[in-house]
*Asks:* 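Mind looking over this structure? Questions follow.
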There are 2 protein chains.
Amino acid sequence: MDKPKLADVAKRAGVSLTTVSRVLNNRGYIGDKTREKVHVAMKELNYYPNEIARSLFIRKTYIVGVIFPTTNNPFYGQLIYHLENFCEALGYKVLLCNSGGREDKERAYLEMLQRHQVDGIIAGAHNRGIDIYQRSTMPIVGVDRYLAGHIPIVSSDNYRGGVMATEHLIDRGCKHILHINGQLSLETPANLRRNAYEETMKRKKMPYKTYETVDDYISRMFDENPKIDGVFASDDLIAACVIREANKRGMNVPEDLKVIGYDGADMTRMLLPELTTIKQPIKDMAEEAVHLLMNQINEVEEPTVDNITLPVQLIQGKTT
Amino acid sequence: MDKPKLADVAKRAGVSLTTVSRVLNNRGYIGDKTREKVHVAMKELNYYPNEIARSLFIRKTYIVGVIFPTTNNPFYGQLIYHLENFCEALGYKVLLCNSGGREDKERAYLEMLQRHQVDGIIAGAHNRGIDIYQRSTMPIVGVDRYLAGHIPIVSSDNYRGGVMATEHLIDRGCKHILHINGQLSLETPANLRRNAYEETMKRKKMPYKTYETVDDYISRMFDENPKIDGVFASDDLIAACVIREANKRGMNVPEDLKVIGYDGADMTRMLLPELTTIKQPIKDMAEEAVHLLMNQINEVEEPTVDNITLPVQLIQGKTT
DNA sequence: ATAAATATGTCAACCGGTTGACATATTTAT
DNA sequence: ATAAATATGTCAACCGGTTGACATATTTAT
């Protein structure tokens, strides 16, 4: 009743262990009839080779660890979907880690992944100061996160996106544009959106102010800025909340208030197609991330940390 | 430069392999100073025990395979998030499989998971006729999918939800209510929503018709039913598309057309809070699925297939 | 003072595969 | 006719841990 093993297959097929192994791995000489016999035996026994045993010997698991805050989010959900797809296409499996933004969980996951001998890690969940990233010599790629000096990053052109969003609102006639950003302490390239906003406003000699997503930042923003007529939200979910709050306060979008979001994930665009947003090339980012990781895993040249920045795109909706 | 192994730790700490193993697994007698020495050596070497080797011996991987169409969807994204969380809390890791609705991929994933010796599988991606489910004796739980006779299913009360949605539209005064459903061939408990719709309409002696999500079903629906004034969509994404199309055709929601969706995932409710919907208890479903799986893994009694059905809830928005 | 508990060690077998060395028998090519 | 290629086998070592049996030395409890 135990799982059949290679020895069981060999016995049933009337051949040696080595022969079965040869059939399995397609190496050495094997006659057609023998190969057939082995296959029949495997089928009859419902045999699946034990990858754990194989992994142990070849010292390679073909598993990639993927650490992000959560799959329960249009951006990450889509990114992870594509990451998994690209990995799968190359014969790699994905161990999913939802850090939920908690440093202790991220740390625990990193340790777990090392114990599990994953071949590499793709992460975008960094809470500063996780030294494992520093120490690690394992292949790692960061998505939209600075993890450690030697770890390459894939991100989209956040600065350009920030400029595009801000200039777009200005072009549409907004005079009092505010920005909402995630926590500055996260040290992500996404902070460039904020820099872009602030520098663009400065250049245009317009007043600017950034709110961070803490507590009741949305109602505070409205209360403190009665003349507000434009909001650049650093992601689409925030933009949706801003629109909701504006409506609650009797403001019409886009007449009284123009709102532009950021990310442009598939699901967001399905559910809220009217939202103007800066669309990140999520699929391309996933592809590049997997590509960079594979380069490291297969030790393809590149001793240089080559960060990759992909272009963004303004999607004109009806909220601006 | 190779990864340190248990023998390296033993040598550095000046103890035997057995002693290190005892420290690692907390068995047998170990003195405090010895334990300390071993820990120091592990830290100095940056040693992580090789779980692959351990798994091979104990014949258990603490990995659960999770197969769903995609993480790029509010419902599955949330479900998978919670599944991963509950697994993690119990010391299990998740191998993520996005089948993309393709039978060949699902089949390949199932085989891969068996080779990888996962302790169990949670799946909700079934394209009929995957015999591996039938043959398998491995712990499996289905979420909203009939996989095989002996595989327990977790789902929400789809029939009740269908009745609630339909009666709600009737209560709001709709006379010509249509339903949009996924493919009937999928044999999912979600088909009960359709049954509920059709039976409720029949009971009320009202005309009914169900469209399946193929080709340009939405415009066809509008074209073929000029008097349409209510739509019960079997998920929120479809509902969003219906609303968009209605607006395009100059119909106002909810004045001219009332629309109710299904699922009520977190992200949908953030992006489209005005949508009336039937909310599934996604987190609870995840919890039950993991619970049922653990029962199987740990061979807790229950030879009976106990399917679990959880209650749904109507969320009144502004689209009905 | 002595038995029991504690602390550590050595040794060998095992988990389920892979691989290289070597042997031998049968085909195939020149 | 003979060398090379093909087909299969046996054997042993290995991947990096775990575990049980057994031995011995030191503490602790009665």
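In what follows, chains are A, B, ... by sequence order, proteins preceding strands, each numbered from 1.
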*Asks:* What is the separation between atom CG on A:L6 and atom P on D:dG9, rounded to the nearest whole Å?
*Replies:*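 The answer, rounded to whole Å, is 12 Å.
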
*Asks:* Please report the interatomic distance CD1(B:I121) to CD(B:Q114), rounded to the nearest 0.5 Å.
*Replies:*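 It comes to 6.0 Å.
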
*Asks:* From CG of B:L24 over to P of D:dG17, roughly how many Å is that when rounded to an integer?
*Replies:*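 The distance from CG of B:L24 to P of D:dG17 comes to 8 Å, rounded to the nearest Å.
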
*Asks:* Using purine N1 to pyrimidine N3 plus N6-O4 or O6-N4 for Watson-Crick, or N1-O2 and O6-N3 for G-U wobble, each under 3.5 Å, what pairs with D:dG16?
*Replies:*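 C:dC15 is the nucleotide pairing with D:dG16.
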
*Asks:* Paired with C:dT2: which nucleotide, if any, by Watson-Crick or G-U wobble criteria at under 3.5 Å for both distances?
*Replies:*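 Here C:dT2 is engaged in a pair, and the nucleotide opposite it is D:dA29.
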
*Asks:* Just how far, in rounded Å, is P of C:dT26 from NZ of A:K33?
*Replies:*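 To the nearest whole Å, that distance equals 12 Å.
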
*Asks:* So that I can tick it off, tell me whether B:D131 and B:R107 are bridged by a salt bridge, with the cut-off set at under 4.0 angstrom between side-chain N and carboxylate O.
*Replies:*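 Salt bridge: yes.
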
*Asks:* Is atom CG of B:D32 surrounded by more than 12 heavy atoms (other residues, nucleotides or ligands) closer than 6.0 Å?
*Replies:*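 Counting neighbours around CG of B:D32, 12 or fewer heavy atoms of other residues, nucleotides or ligands fall under 6.0 Å, so no.
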
*Asks:* In residues 48-55 of chain B, what residues come within less than 4.0 Å of DNA chain C, judged by heavy atoms?
*Replies:*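 None - not one residue of the stretch has a heavy atom sitting under 4.0 Å from the strand.
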
*Asks:* Between C:dA5 atom P and B:Y29 atom OH, what is the distance in whole Å?
*Replies:*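 Value for this atom pair: 7 Å.
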
*Asks:* Which base sits across from C:dA7 as a Watson-Crick or G-U pair, both distances under 3.5 Å?
*Replies:*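 D:dT24 is the nucleotide pairing with C:dA7.
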
*Asks:* Between B:F57 and B:G14, which is nearer to the 5' end of DNA chain C once each is assigned its nearest nucleotide?
*Replies:*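 The residue mapped nearer the 5' terminus is B:G14.
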
*Asks:* Would you mind reporting whether A:K105 and B:E88 have side-chain heavy atoms less than 4.5 Å apart?
*Replies:*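 Counting from C-beta outward, B:E88 and A:K105 do come under 4.5 Å.
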
*Asks:* Return a table of donor-acceptor pairs under 3.5 angstrom between the side chains of residues 36-49 of chain B and protein atoms on other chains or two or more places apart.
*Replies:*
residue: B:H39; atom: ND1; partner: B:R35; partner atom: O; Å: 3.4
residue: B:E44; atom: OE1; partner: B:R12; partner atom: NE; Å: 2.6
residue: B:E44; atom: OE1; partner: B:R12; partner atom: NH2; Å: 3.2

*Asks:* Between A:K283 and A:E287, does at least one N-O distance fall below 4.0 Å, as a salt bridge requires?
*Replies:*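 Salt bridge between A:K283 and A:E287, a charged N being under 4.0 Å from a carboxylate O: no.
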
*Asks:* Nearest whole angstrom, please: distance from the P of D:dG20 to the CD1 of B:I58.
*Replies:*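 Whole-Å distance recorded here is 13 Å.
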
*Asks:* When we call it a touch if two heavy atoms are under 4.0 Å apart, what does B:R22 touch: a base, just sugar-phosphate, or nothing?
*Replies:*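 Touches a base.
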
*Asks:* In whole Å, I'd like the distance from the CG atom of A:D32 to the C1' atom of D:dT6.
*Replies:*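 It works out to 11 Å between those atoms.
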
*Asks:* Just the rounded figure in Å: distance from C1' of C:dG17 to CG of A:L56.
*Replies:*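 Distance check: A:L56 CG to C:dG17 C1' gives 9 Å.
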
*Asks:* Are side-chain heavy atoms of B:V94 and B:L83 found at a separation under 4.5 Å?
*Replies:*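 No, every pair of side-chain atoms sits at 4.5 Å or beyond.
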
*Asks:* Taking only side-chain nitrogens and oxygens of B:R27, does any of them come within less than 4.0 Å of OP1 or OP2 of D:dT18?
*Replies:*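 For D:dT18, OP1/OP2 do not have a side-chain N/O of B:R27 under 4.0 Å.
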
*Asks:* Nearest whole Å is fine: how far is D:dG17 P from A:R59 CZ?
*Replies:*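 It works out to 10 Å between those atoms.
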
*Asks:* On the nucleotide C:dT18, are OP1 or OP2 found under 4.0 Å from the side-chain N or O atoms that A:S21 carries?
*Replies:*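 The answer is yes; a side-chain N or O of A:S21 sits under 4.0 Å from OP1 or OP2.
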
